[in-house]
There are 2 protein chains.
Amino acid sequence: MKPNRTTTKPRMTEQRKIVLSAVRKIRRHPTVDEVYTHVRRRLPRISLATVYRNLELLAAQGLIRQVDFARPQQRYDHRLHDHYHIRCVQCGRVDDVPIDPFSALEYDAKCCGDYRVLGHRLEFYGVCPTCQKRKDNRPPRTQKASPRLVSARVKTVNNRREGAE
Amino acid sequence: MKPNRTTTKPRMTEQRKIVLSAVRKIRRHPTVDEVYTHVRRRLPRISLATVYRNLELLAAQGLIRQVDFARPQQRYDHRLHDHYHIRCVQCGRVDDVPIDPFSALEYDAKCCGDYRVLGHRLEFYGVCPTCQKRKDNRPPRTQKASPRLVSARVKTVNNRREGAE
DNA sequence: TTGCTATCAGTAATGATTATCAATATTTTT
DNA sequence: AAAAATATTGATAATCATTACTGATAGCAA
Ligand SMILES: [Mn+2]
Ligand SMILES: [Mn+2]
Ligand SMILES: [Zn+2]
Ligand SMILES: [Zn+2]
């Protein structure tokens, strides 16, 4: 097959370079906003969107890593005992992992800093059986939230229009 | 001191009971929306806000647990090797935990389901040294984001008012 | 009953992230 | 180099989960 013509390698732009160096300089696991603030010292006109874009791209390239998981929606568990979870990176499904929790780890962590350690969470990630079956690797994306409040009564205020329909 | 007069025990209301039983029935780590949808079959007029409130309260009481961590903002890491983190439950600060990663864990996880295991994350939580010093336990909350875009030029469109001020 | 608080439904506001889009910048082709 | 193709940017709007607010009820104690 011919080499995909619509795909080219990402360029290492000035903005991208500076965003990368910011993450490296700040060190302590910065949030997007912290990166943004830092970068603006050198590029006062950079857009926040550009920071988001470049962070995502740099992470995709493996030049930086995302610390957090489990983004858009919070999940709840009816099981109260300590146990671990595995999350499907494709669809977001979460299942239990029945291996014994080790409290020794918390002890180990003590030696690292002056934190008072309260506990730990261990989460595996992978591809769930359902998503493995699906041949194509189109992102099924985390299921959308249920449509909001299709209540019987409909609001009738302020429904005048400005433009056309 | 006199017993705090403004504080009373939470009541186990009908809504709360049903939210709890929903989390227990759904089993597979439901999102708030899934709980909401489920509960509405029995309480069609319940508010989504009530579901949020009760889930939070039930979790605070230890009747259910939150699965996820690291909520409002994503964080980035300049260190590419596998390592673990510890997060302050008070201020959200994140630090590295310099203990060796257990690659055996992923092997252990394999035996649980049909997931294809890709990796794991281990996160400790506790109270950082800074937050330990602070005597009061007022929630310092995760630091607010930097004020957005106080650009030189100001938008002048559509600043007409409707009511009064 | 009378006050007091908890809780509710409904809805607005918040805030992080994404999407969109016209304008530039860089690379590739001619 | 000029033209065409593609990538990237800044600005801003849209999304969407969550939180905050509000006025109305409900349960409980004096
Ligand atoms: Mn679980
Ligand atoms: Mn780290
Ligand atoms: Zn899946
Ligand atoms: Zn702290």
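All values below were derived from every heavy atom in this structure, side-chain atoms included, with hydrogens, water molecules and symmetry-related copies excluded. Note on naming: letters A, B, ... go to the chains in the order of the sequence lines (proteins, then strands), and numbering restarts at 1 for each one.
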Quiz item: Closer to the 5' end of DNA chain D via nearest nucleotide, is it B:Arg11 or B:Val32?
Solution: B:Val32
Quiz item: Considering residues at least two apart in sequence or located in another chain, which fulfil the salt bridge (charged side-chain N to carboxylate O under 4.0 Å, His left out) criterion with A:Asp95?
Solution: A:Arg93
Quiz item: Is a donor on one side and an acceptor on the other found under 3.5 Å between the side chain of B:Arg121 and the backbone of A:Glu123?
Solution: no
Quiz prompt | Residue met sooner reading DNA chain C from 5', once B:Pro44 and B:Met12 are mapped to nucleotides | solution = B:Met12
Quiz item: Between A:Glu34 and A:Thr31, is there a donor-acceptor pair closer than 3.5 Å when you use the side chain of the first and the backbone of the second?
Solution: yes
Self-check item: Ring centroid separation A:His120 to A:Tyr84 under 6.0 Å
Solution: yes
Self-check item: Five-pair end axes of the helix from C:dT1-D:dA30 to C:dT30-D:dA1 and the angle they enclose, rounded to 10°
Solution: 20°
Practice problem: Output the single nucleotide from C:dC8, C:dT11, D:dA11 whose closest atom is nearest the side chain of A:Ala49. | Solution: D:dA11
Self-check item: B:Glu56, CD atom: more than 12 neighbouring heavy atoms under 6.0 Å
Solution: no
Quiz item: Within less than 4.0 Å of OP1 or OP2 of D:dT9, is there a side-chain N or O belonging to A:Thr50?
Solution: no
Self-check item: Interatomic distance, A:Glu14 CD vs D:dG10 C1' [rounded to whole Å]
Solution: 16 Å
Quiz item: Atom CZ of A:Arg53 to atom C1' of C:dT17: distance rounded to whole Å?
Solution: 13 Å
Quiz item: Quick one: A:Gln74 CD to C:dA16 C1', roughly how many Å, whole number?
Solution: 15 Å
Quiz item: Is the ring centre of B:Phe69 less than 6.0 Å from the ring centre of B:Tyr125?
Solution: yes
Quiz item: Atom OH of B:Tyr76 and atom P of C:dT17: how far apart are they, to the nearest Å?
Solution: 8 Å
Quiz item: Which residues, if any, of residues 16-25 of chain A bring a heavy atom under 4.0 Å of DNA chain D?
Solution: A:Arg16
Self-check item: Spacing of A:Tyr52 atom OH relative to D:dA11 atom P, expressed in whole Å
Solution: 17 Å
Quiz item: Whole Å only: how far is the CD atom of A:Gln66 from the C1' atom of C:dA16?
Solution: 13 Å
Quiz prompt | Backbone of A:Ile46 reached by a side-chain donor or acceptor of A:Thr50 within 3.5 Å | solution = no
Quiz prompt | Expected output: side-chain A:Arg16 to main-chain A:Arg11 donor-acceptor under 3.5 Å | solution = yes
Quiz item: Does A:Thr13 place a side-chain N or O at less than 4.0 Å from the phosphate oxygens OP1/OP2 of D:dT9?
Solution: yes
Self-check item: Below 4.0 Å: OP1/OP2 of C:dA9 and any side-chain N or O of B:Gln15
Solution: yes
Quiz item: If you measure only the distance, is there a donor-acceptor pair under 3.5 Å linking the side chains of B:Asp77 and B:His83?
Solution: yes
Quiz prompt | A:Leu48 CG - C:dT20 P separation (whole Å) | solution = 18 Å
Quiz prompt | Spacing between A:Asp33 atom CG and C:dT18 atom P, to the nearest angstrom | solution = 13 Å
